[in-house]
> 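Below is one structure. I have some questions about it.
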Amino acid sequence: MNWGVKIVITLALFIAVIVSFGVYMVSNDTDTLEIGDYYEQGLQYDKVYRRRQNVRQHEALPRITIAADTLTIQFVQPGNKGQLLLRRPSDQAQDVVIPFDFADRLFRLPMQAFSRGAWELQLEWEAAGIPYQFEKQLFLSK
């Protein structure tokens, strides 16, 4: 076997490995950083924008703290109804939606069941008939 055949065999093996890695990557496409219903959310952007502007206009920015494995959200006014979405950027299966409806201004959520790392907190609520939306990045370190 001369050196030309060895070069051809080496190139063929290299190309086969590259093609097999490409096929593996395409067939196991589990990109969790992409939202599945991005088109529907894009159509609702005016609604989201108005909710975010209401937070600024009515000075209804909630105060969010994490202490002793408890997430505490302190709202500006009482009588809040809505939902809390905790989204995990690295694993969509860990996303959690928690509805709430309470008369006072304080909401507490134990965080022991949540894995540590980066989370996106999204609050959508209504108080005194005005809709609000607020988003914040959290990092849990147990």
Side-chain angles (χ1 to χ4, degrees), residues 3-142:
W3 62 272
V5 174
K6 291 179 184 177
I7 290 176
V8 170
I9 291 173
T10 304
L11 282 174
L13 287 173
F14 179 74
I15 291 171
V17 168
I18 296 297
V19 169
S20 63
F21 279 143
V23 169
Y24 175 76
M25 289 172 53
V26 170
S27 65
N28 292 333
D29 187 21
T30 57
D31 188 9
T32 59
L33 297 177
E34 181 178 303
I35 298 172
D37 61 343
Y38 70 94
Y39 183 73
E40 289 80 11
Q41 287 186 7
L43 293 176
Q44 299 293 327
Y45 189 74
D46 287 338
K47 180 179 166 184
V48 171
Y49 180 76
R50 274 187 260 118
R51 288 173 169 257
R52 289 179 183 168
Q53 284 300 105
N54 285 342
V55 170
R56 289 187 189 98
Q57 182 180 1
H58 299 281
E59 296 177 355
L61 188 68
R63 196 168 138 220
I64 299 170
T65 56
I66 298 176
D69 290 337
T70 302
L71 173 71
T72 305
I73 303 173
Q74 184 176 3
F75 292 96
V76 174
Q77 54 190 333
N80 298 288
K81 178 180 182 179
Q83 71 176 7
L84 166 69
L85 170 65
L86 286 167
R87 182 177 289 145
R88 179 81 172 182
S90 63
D91 186 6
Q92 187 176 8
Q94 293 183 9
D95 293 356
V96 177
V97 177
I98 302 167
F100 60 85
D101 186 5
F102 54 93
D104 61 351
R105 300 177 344 163
L106 204 58
F107 176 73
R108 290 190 175 134
L109 178 68
M111 300 296 286
Q112 291 91 358
F114 296 92
S115 57
R116 63 185 179 149
W119 289 85
E120 294 176 12
L121 178 134
Q122 181 178 347
L123 273 172
E124 290 184 22
W125 79 100
E126 188 173 310
I130 301 171
Y132 299 104
Q133 182 169 346
F134 175 72
E135 294 178 2
K136 183 174 181 167
Q137 304 292 325
L138 299 176
F139 189 82
L140 299 179
S141 59
K142 293 183 181 179

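When a residue number appears, it is its place in the shown sequence, counting from 1. Every value quoted in this text rests on a predicted model; they were computed, and no experiment measured them.
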> Please give me the minimum heavy-atom distance between R105 and P78, naming the atom from each residue.
CG-N, 3.6 Å
> Got a list of side-chain donor-acceptor pairs under 3.5 Å for residues 94-103, not counting sequence neighbours?
unit_1: Q94; atom_1: OE1; unit_2: S115; atom_2: OG; d: 2.9
unit_1: D95; atom_1: OD1; unit_2: R88; atom_2: N; d: 2.8

> Do R87 and Q122 have side-chain heavy atoms sitting under 4.5 Å apart?
yes
> Can you check whether E120 reaches L86 side chain to side chain, under 4.5 Å on heavy atoms?
no
> List the residues meeting side-chain contact (heavy atoms from CB on, under 4.5 Å) with L106, not counting sequence neighbours, and say none if there are none.
T72, Q74, D104, R108
> Residues two or more places apart in sequence or in another chain: which of them pass side chain to side chain donor-acceptor pair (under 3.5 Å) with Q83?
none
> If you round to the nearest 0.5 Å, how far is OG1 of T65 from CG of L138?
10.5 Å
> Listing request: all salt bridge (charged side-chain N to carboxylate O under 4.0 Å, His left out) pairs with a residue in residues 125-136, at least two apart in sequence or in separate chains.
R52-E135
> Show the nearest heavy-atom pair for residues F134 and P62, with the distance to one decimal.
CD2-CG, 3.8 Å
> Is a side-chain donor or acceptor of R116 paired with a backbone partner of S141 at a separation under 3.5 angstrom?
no
> Check the pair T10 / F14 against side chain to side chain contact (heavy atoms under 4.5 Å, CB included), numbers first and verdict last.
CA-CA 6 Å; T10 304; F14 179 74; 5.6 Å; no
> Using side-chain contact (heavy atoms from CB on, under 4.5 Å) as the criterion, list what pairs up with I7, not counting sequence neighbours.
W3, L11
> State which residues pass side chain to side chain donor-acceptor pair (under 3.5 Å) with Q57; sequence neighbours excluded, sorted by chain then number.
none
> Kindly indicate whether the side chain of D69, heavy atoms from C-beta on, has any atom under 4.5 Å from the side chain of P110.
no
> Any side-chain to backbone donor/acceptor pair from N80 onto A127? Under 3.5 Å, distance only.
no
> Got a sec, which residues hit side-chain contact (heavy atoms from CB on, under 4.5 Å) with V8, two or more places apart in sequence or on another chain?
none
> If you measure from CG on L71 to CG on L140, what distance do you get to the nearest 0.5 Å?
8.0 Å
> By side chain to side chain donor-acceptor pair (under 3.5 Å), which residues pair with Q53, not counting sequence neighbours?
R56
> Less than 4.5 Å apart, any side-chain heavy atom of L61 and any of V76?
no
> Find out whether W125 and I130 are in side-chain contact, i.e. whether some heavy atom of one side chain is under 4.5 Å from a heavy atom of the other.
no
> Quick check: do I73 and L109 have side-chain heavy atoms less than 4.5 Å from each other?
no
> Distance from L84 atom CG to L121 atom CG, nearest 0.5 Å?
5.0 Å
> What residues form a ring pair (Phe, Tyr, Trp, His ring centres under 6.0 Å) with W119, not counting sequence neighbours?
F114
> Considering residues at least two apart in sequence or located in another chain, which fulfil the side-chain contact (heavy atoms from CB on, under 4.5 Å) criterion with R50?
D46
